[in-house]
A.B. asks: 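Here it is, the structure in full.
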Amino acid sequence: MAHHAPRPPSHRTTQVARNTTVPRPRWSRFTTTLATLAAAAVVLTGGPTAAHADPSVAEIERQIDQDWNKLEPLIEQHNATRTDLAAKRRQADALGKRIAPLQRRVDQAMNQVSGLAVQAYKGENMSTVNALLGSHNPSQVVEQLGLLDRFASRQQREVRTVAELRDELAATKAPLDEMVAQLTRTEAQLAARKKQINTEIDRLQKLRLKVYGNGGGGPLRPAPCPAGYPGGPAGTAVKFACAQIGKLYVWGAAGPDNYDCSGLTMAAWAKAGVPLPHNARQQRQVTDRVSRADLRPGDLVFYYADLHHVGMYVGDGWVVHASQAGKPVTMKRVDDGPVNSYGRPG
């Protein structure tokens with residue numbers, strides 16, 4: 001396929017509608033993450049155009065890597081926000097179930113009050129008063145006045161109970177209504193972000209195809225994977241990760257046919273019964289820190305200052321990772337990239 005020389009980068013900024021902040025404390029972390037995701041702009045270099053000389057394969061790969069390292073943090077942010085969104089959706093569903101019985105009580109009480117209103121409109125209370133006024137027996141009048149007073153008090157209590165139930169329902173539903181509105185906005189923003197990410201991935205993939213066609217970029221398994229066979233959960237996780245070599249990267253995926261970086265490590269350790277979040281930074285937060293000297297198969301290797309990439313150590317200085325769109329899950333040397341830290345799940 002034709003090769004083209006690079007031109008000076010042309011920057012393109014993609015915008016997402018700003019998130020509306022809901023001033024409730026329990027939403028603060030979620031809305032902050034969402035606002036960061038919504039406000040972030042993907043600024044990537046434009047594709048090369050025809051010039052005097054074709055770029056080399058190394059130059060093309062450097063450009064792809066540079067652009068990808070701008071894009072992958074947004075993908076990992078998207079994964080974290082999507083996880084928070086699912087948790088908030090479950091909270092909304094649980095709150096809705098708790099509100100349902102209260103809603104039925106309010107409906108029943110409102111029906112009772114409506115019945116009292118109909119009785120008053122038909123004049124039943126007035127008929128009772130007329131009967132009392134027409135009585136000639138003083139003791140009967142006193143007794144019937146007491147009955148009327150109790151009836152009126154019962155009406156007042158029922159009306160007051162309905163008002164209290166109505167206010168309780170409104171107070172209980174307010175957080176749910178707010179949550180549902182927030183979820184709706186978040187889902188719309190994630191859909192917009194997904195479209196933008198896919199557009200950038202398509203551009204990078206077209207760039208790669210100019211160099212490799214439909215082929216790959218070298219051997220996927222340059223060394224035994226794993227280097228040894230550790231027992232326990234780590235052995236289960238590392239053997240699972242090695243078995244995924246060759247499956248294509250798809251952002252936001254966690255198997256069984258495609259993975260992104262944190263999706264691969266999450267799925268591998270899930271196979272071993274250890275849950276991890278679908279986000280590289282969050283995986284770092286929930287794993288025990290280990291040193292380079294103490295690395296063992298199954299440990300996670302986190303890259304870049306912002307922790308936007310993660311792979312699994314498989315022994316003998318090698319890592320299995322889902323690198324970027326258009327590339328399959330493969331092995332690489334642990335130091336092939338700026339290592340941030342190491343973590344041990346379980």
A.B. asks: Going by salt bridge (charged side-chain N to carboxylate O under 4.0 Å, His left out), name the residues that satisfy it together with Arg292, two or more places apart in sequence or in a different chain.
C.D. replies: Asp335

A.B. asks: Can you give me the closest heavy-atom contact between Gly252 and His278, atom names plus distance?
C.D. replies: O-CE1, 3.4 Å

A.B. asks: If only atom types and distance count, is the side chain of Arg289 paired as donor or acceptor with the main-chain N or O of Ser341 below 3.5 Å?
C.D. replies: no

A.B. asks: Do Ser323 and Tyr249 have side-chain heavy atoms sitting under 4.5 Å apart?
C.D. replies: no

A.B. asks: Side chains of Asp84 and Thr81: donor-acceptor distance under 3.5 Å anywhere?
C.D. replies: no

A.B. asks: For Phe302 and Gly343, work out which heavy atoms get closest and say how close.
C.D. replies: CE1-N, 3.8 Å

A.B. asks: Report yes or no: does Asn258 contribute a side-chain atom to a donor-acceptor pair with the main-chain N or O of Leu248 at less than 3.5 Å?
C.D. replies: yes

A.B. asks: Strictly under 6.0 Å, is that where the ring centroids of Trp251 and Tyr259 end up?
C.D. replies: no

A.B. asks: Heavy-atom distance under 4.5 Å between the side chains of Val319 and Val314, does that happen here?
C.D. replies: no

A.B. asks: Over 60° means perpendicular and under 30° means parallel, so classify the ring planes of Tyr304 and His309, tilted if in between.
C.D. replies: perpendicular

A.B. asks: Is the closest side-chain heavy-atom distance between Glu200 and Leu74 below 4.5 Å?
C.D. replies: no

A.B. asks: Sort out for me which residue in Gln283, Arg284, Glu76 forms a side chain to side chain donor-acceptor pair (under 3.5 Å) with Ser262.
C.D. replies: Glu76

A.B. asks: Could you check if a side-chain atom of Tyr313 sits within less than 4.5 angstrom of a side-chain atom of Arg296, using non-hydrogen atoms only?
C.D. replies: no

A.B. asks: For Asp67 and Arg203, run salt bridge (charged side-chain N to carboxylate O under 4.0 Å, His left out): C-alpha distance rounded to whole Å, both residues' side-chain angles, the deciding distance at 0.1 Å, then the answer.
C.D. replies: CA-CA 10 Å; Asp67 289 355; Arg203 185 181 69 79; 2.8 Å; yes

A.B. asks: Testing the basics here: between Pro345 and Gly298, what is the closest heavy-atom pair and its distance to 0.1 Å?
C.D. replies: CD-O, 4.0 Å

A.B. asks: Quick one, Arg344 with Asp299, criterion salt bridge (charged side-chain N to carboxylate O under 4.0 Å, His left out). Give me CA distance, side-chain angles, the key distance, then yes/no.
C.D. replies: CA-CA 5 Å; Arg344 180 167 297 159; Asp299 289 346; 2.8 Å; yes

A.B. asks: Using a 3.5 Å distance criterion without hydrogens, assess whether the side chain of Thr330 forms a donor-acceptor pair with backbone atoms of Leu220.
C.D. replies: yes

A.B. asks: Where is the tightest heavy-atom contact between Val238 and Pro297, given as atom of each residue plus distance?
C.D. replies: CG2-CB, 4.2 Å

A.B. asks: Would you say that Tyr342 contacts Val290 through its side chain, given a criterion of any heavy-atom pair below 4.5 Å between the two side chains?
C.D. replies: yes

A.B. asks: Which heavy atom of Ala268 sits nearest a heavy atom of Met312, and at what distance?
C.D. replies: CB-CE, 3.6 Å

A.B. asks: Indicate whether the side chain of Lys327 and that of Gln324 have a donor and an acceptor atom separated by less than 3.5 Å.
C.D. replies: no

A.B. asks: Show the nearest heavy-atom pair for residues Cys261 and Ala322, with the distance to one decimal.
C.D. replies: CB-O, 3.4 Å

A.B. asks: Please answer whether the main-chain N or O of Cys242 pairs with a side-chain N or O of Arg221 as donor and acceptor at a distance below 3.5 Å.
C.D. replies: yes

A.B. asks: Quick one: do Trp318 and Tyr303 end up in the same hydrophobic cluster if we chain Ile, Leu, Val, Met, Phe, Trp and Tyr together by side-chain heavy atoms under 4.5 Å apart?
C.D. replies: no

